[in-house]
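Written below as structure tokens is the structure these notes are about.
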Amino acid sequence: MIKFIYFDLGGVLFSEENIFGNVSKIFEKKREDFLKIFRKNHEDLIKGKIDSKKFWRIITRELKIYDGCDFEFFASWIKDYSPIKDAHFLVKTIAKRHRVGILTNIYKGMTFRLIEKKIIPKIEYVKIISSCDTGIAKPDMKIYKIAEGACGAKPEEILLVDDEQKNLAPAKKRGWQTVLFNAKNPSESSTKVINKLKIGAGT
């Protein structure tokens, strides 16, 4: 029986397709240039070694943006994300009967702002395990052990919904149940989660 469901965020509860779309237009720079800097600093961002303010300073330096001192970069970054409605409905429905949490690779201060802006569902999450808080990111096995201990369920009683197979593999090794979420077909992916819960509940 599944007793706890962990959801990933980006690619499951919200779309990241337009990341840095707003800032690139405002400062008339190529979006790909922002993405290159993002990829280079991604590991430090998700492990909480740098925050959005420091990241923006890195961007302004590398892209020679001289008029960005007062720019609200973090707010702009949040605006780039859009909720995946099918996934929101899924989480709200599941949370009525199951214990739901978040297990995500994300950046400092972002999770609660996303909840506030309703980019991820505004519900009572039992546990939120974030890479920026633990200093450990998926697919490092250590973060799954932390998540396991935090939710108080046995490995076979935990379901992880994630959009990347590499992040599901360690969970499977620990005996968790998993669903690969496809943001391009959220309705079908949501049905897979519901079916998994029905099977896991023995109904």
Side-chain angles (χ1 to χ4, degrees), residues 3-16 19-20 23 34-62 72-81 87 91 99-117 119-155 157-181 183:
K3 294 184 177 179
F4 200 96
I5 303 99
Y6 275 117
F7 282 91
D8 180 38
L9 294 183
V12 176
L13 299 184
F14 64 83
S15 171
E16 302 173 285
I19 188 171
F20 308 128
V23 68
F34 285 90
L35 290 171
K36 284 177 183 176
I37 299 169
F38 176 64
R39 294 185 197 111
K40 192 162 56 175
N41 291 276
H42 188 252
E43 191 79 5
D44 285 344
L45 280 163
I46 61 174
K47 290 186 177 180
K49 293 180 180 178
I50 60 174
D51 59 12
S52 61
K53 289 182 180 179
K54 188 169 183 180
F55 181 45
W56 177 238
R57 288 199 295 271
I58 292 169
I59 290 171
T60 55
R61 184 177 66 247
E62 294 198 17
E72 294 290 337
F73 172 68
F74 193 63
S76 172
W77 192 353
I78 294 286
K79 284 181 183 178
D80 291 333
Y81 296 136
V91 170
R99 299 171 72 228
V100 172
I102 292 169
L103 176 56
T104 186
N105 289 347
I106 202 162
Y107 328 107
K108 279 187 174 182
M110 189 164 277
T111 300
F112 293 103
R113 184 70 70 87
L114 291 168
I115 293 172
E116 179 187 297
K117 297 292 184 181
I119 294 169
I120 62 177
K122 199 170 186 177
I123 65 161
E124 191 73 31
Y125 294 100
V126 178
K127 291 292 176 182
I128 298 177
I129 311 296
S130 303
S131 60
C132 60
D133 295 327
T134 61
I136 306 164
K138 296 179 291 184
D140 189 322
M141 187 65 81
K142 292 175 186 175
I143 199 167
Y144 300 87
K145 292 179 181 178
I146 291 169
E148 208 171 282
C151 74
K154 296 176 183 177
E157 296 172 337
I158 304 170
L159 173 64
L160 174 62
V161 182
D162 200 294
D163 67 316
E164 293 194 59
Q165 193 63 58
K166 68 177 183 179
N167 292 335
L168 294 174
K172 286 182 180 179
K173 283 184 181 179
R174 293 198 63 79
W176 295 20
Q177 300 191 53
T178 62
V179 170
L180 180 64
F181 197 92

Discussion item. With a sphere of 6.0 Å drawn around CD of E116, does it hold more than 12 non-hydrogen atoms of other residues, nucleotides or ligands?
Written reply: yes
Worksheet item: Less than 4.5 Å apart, any side-chain heavy atom of I59 and any of W56?
Response: yes
Discussion item. Any non-hydrogen side-chain atom of R174 less than 4.5 Å from a side-chain atom of M141?
Written reply: yes
Response to the item:
The complete set of salt bridge (Lys or Arg N to Asp or Glu O under 4.0 Å) pairs with one or both residues in residues 133-142, sequence neighbours excluded, reads D8-K138, K138-D162
Worksheet item: Is any side-chain heavy atom of F38 less than 4.5 Å from a side-chain heavy atom of L45?
Response: yes
Worksheet item: Considering residues at least two apart in sequence or located in another chain, which fulfil the salt bridge (charged side-chain N to carboxylate O under 4.0 Å, His left out) criterion with E164?
Response: K166
Worksheet item: Taking atom CD1 of I5 and atom CZ of R99, what is their separation to the nearest 0.5 Å?
Response: 9.5 Å
Practice prompt. Might you point out which heavy atoms bring A137 and I46 nearest each other, and give the distance in Å?
Written response: CB-CD1, 3.6 Å
Discussion item. Nearest 0.5 Å, please: how far is CG in N167 from CG in L160?
Written reply: 7.5 Å
Worksheet item: What pair of heavy atoms forms the shortest contact from C151 to Y6, and how long is it?
Response: CB-OH, 3.5 Å
Worksheet item: F7: what forms a ring pair (Phe, Tyr, Trp, His ring centres under 6.0 Å) with it, not counting sequence neighbours?
Response: none
Item to complete: State, yes or no, whether a side-chain contact exists between F74 and R113 at a heavy-atom distance under 4.5 Å.
Response: yes
Practice prompt. Identify, with sequence neighbours excluded, every residue that meets ring pair (Phe, Tyr, Trp, His ring centres under 6.0 Å) alongside F55.
Written response: F73, W77
Worksheet item: For the residue pair A183 and G11, what are the closest heavy atoms and their distance?
Response: CB-O, 3.5 Å
Practice prompt. Would you give the length of the straight line joining atom CD1 of I136 to atom CD1 of I146, rounded to the nearest 0.5 angstrom?
Written response: 4.0 Å
Item to complete: With sequence neighbours left out, write down each residue that passes salt bridge (charged side-chain N to carboxylate O under 4.0 Å, His left out) with R61, or none if nothing qualifies.
Response: none
Response to the item:
Separation between CG (L103) and CD1 (I129), nearest 0.5 Å, reads 7.0 Å
Item to complete: Not counting sequence neighbours, which residues clear side-chain contact (heavy atoms from CB on, under 4.5 Å) with Q165? List them please.
Response: L168, K172, L180
Practice prompt. Report the C-alpha distance between V12 and T104 in whole Å, list the side-chain angles of each, state the deciding distance to 0.1 Å, and finish with yes or no for side chain to side chain contact (heavy atoms under 4.5 Å, CB included).
Written response: CA-CA 10 Å; V12 176; T104 186; over 6 Å; no
Worksheet entry | Partners meeting side-chain contact (heavy atoms from CB on, under 4.5 Å) with K40 (sequence neighbours left out) | E62
Discussion item. With a 4.5 Å cut-off on side-chain heavy atoms, are P139 and Y144 touching?
Written reply: yes
Discussion item. Within the structure provided, determine whether I58 and I50 are in side-chain contact (heavy-atom separation under 4.5 Å).
Written reply: yes
Discussion item. Quick check for you: to the nearest 0.5 Å, what is the distance between I143 atom CD1 and K145 atom NZ?
Written reply: 13.0 Å
Worksheet entry | Partners passing side-chain contact (heavy atoms from CB on, under 4.5 Å) against E16 (at least two apart in sequence or in another chain) | F14, Y81
Worksheet entry | With sequence neighbours excluded, residues passing side-chain contact (heavy atoms from CB on, under 4.5 Å) with P121 | L13, H88, V91, K92, I123, Y125
Worksheet entry | Atom pair OG/OH of S130 and Y107 - distance to nearest 0.5 Å | 11.5 Å
Worksheet entry | Qualifying residues under salt bridge (charged side-chain N to carboxylate O under 4.0 Å, His left out), relative to K3, sequence neighbours excluded | E157
Discussion item. Which residues pass the side-chain hydrogen bond (donor to acceptor under 3.5 Å, both in side chains) test with D80, not counting sequence neighbours?
Written reply: N22
Worksheet item: Excluding sequence neighbours, so at least two apart, what forms salt bridge (charged side-chain N to carboxylate O under 4.0 Å, His left out) with R57?
Response: none
